[in-house]
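Before any comments, here is the structure.
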Amino acid sequence: MSTLLRQLPQVDALLASPGMAGLLSAYSRQEVADTLRSALQALRADLKAGRLNQLPDFANEAFAQSLADRIEAERQPNLRPAINATGIIIHTNLGRARLAPEALAAIQAVGADHSNLELDLDTGRRGSRHTHVEHLICELTGAEAALVVNNCAAAVLLSLMATAQGRKVVASRGELIEIGGAFRLPDVIQQSGAVLSEVGTTNKTRAKDYAEAIDPDTAVLLKSHTSNYQIVGFTHTPGRDELAALAHATGTILMEDLGSGVLVDLSPYGLRNEPVVSDVLASGVDIVMFSGDKLLGGLNAASSQDVLNSSVV
Ligand SMILES: *Cc1c(COP(=O)(O)O)cnc(C)c1O
């Protein structure tokens, strides 16, 4: 083994050998050197572990080809198309909604060139990137104002930061959700600088529980849609109208994380239990957050937690 280990060539010597000329003309020197280094490391490890009892012929075309294969594999984009055979149409691990051909065409049309992202075409002055879709969201939901951020997790975090930093957020024990592994409501509340006040029980929470938790330090009553589980049986959740009346009588804000949220009632198509954003707003909820890449079919930008495709309405 030690003889073979000593026979392993140096990276620089191999790079200068005639066998590598083809690779060096096809790929960058850095790529070839890095790949060679990792190939030699793997050989060294195999020798030491007794998995190998002879070295490859470094001058042979087959060795160069094995390096070329590694480089090609490295060059593959990590993100690639997949087949969703899970039975779950909007799957968080599989990029959720697919983009409609019209949406792709619009991205192609705007993304292939410069755009008026932050330019007001009427005045020729700097514009705001937040205005492009606000009027559409307001029209579709009945909201007074709307803002699109990276995703729903970001919308929740930012909304809480803006309204409840250093103050209390009251949420039901039945709605302390975890979505997709990274979005855990208690953690998001903590990250926003607010303090969670849990009320009720897993199966039953009444308006009275919220009412009793409200004190001068309370900024927000937070409802969350239990998107990926159901509590069935002996249950109670107060109506939005009840909570809205309570919030407005106590000077607090009623906020709801709708998760997916839909713009039209999908129950005729068999999708029940998805609250329609306009209904939620009409029932008195002050701030509604929902994900743009679930039923709305928008872009899935990135992981919930670390980047901020959703709307804060
Ligand atoms: C999906 C979901 C989120 C997170 O949405 P992202 O767009 O992935 O950030 C948050 N809250 C609820 C209730 C959800 O269903």
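In listed order, ligands and their atoms are each counted from 1. What you are looking at is a predicted structure, and each value in this text was computed from that prediction instead of being measured.
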Give the contacting part of Lys294 toward ligand 1: side chain, backbone, both or neither, where contact means a heavy-atom distance below 4.0 Å. side chain
Quick one: do Glu242 and Arg206 make a salt bridge, cutoff under 4.0 Å? no
Do Arg70 and Ser66 have side-chain N/O donor and acceptor atoms under 3.5 Å apart? no
Suppose I only count heavy atoms of Asp257 and a 4.0 Å limit; which atoms of ligand 1 are within that range? 10 (C), 11 (N), 12 (C), 13 (C)
Would you find a donor on one side and an acceptor on the other, under 3.5 Å apart, between the side chain of Asp113 and the backbone of Val110? no
Between Arg96 and ligand 1, find which residue part has any heavy-atom pair under 4.0 Å and reply side chain, backbone, both or neither. side chain
Numbered atoms and elements of ligand 1 in range of Ile177, under 4.0 angstrom, heavy atoms: 11 (N), 12 (C), 13 (C)
Report yes or no: do Tyr229 and Glu178 form a side-chain donor-acceptor pair below 3.5 Å? no
For Asp34 and Gln30, which I'm curious about, is there any donor-acceptor pair between the side chains at under 3.5 Å? yes
May I ask you to list the atoms of ligand 1 that are less than 4.0 angstrom from any heavy atom of His225? 13 (C)
Checking heavy-atom distances from atom 7 (O) of ligand 1 to each of Gly292, Gly259, Ser291, Ala155, the winner is Ser291
Tell me if a side-chain donor or acceptor on Asp209 pairs with a main-chain N or O of Glu212 at a distance below 3.5 Å. no
Under 3.5 Å, N or O to N or O, is Ala153 touching ligand 1 that way? yes
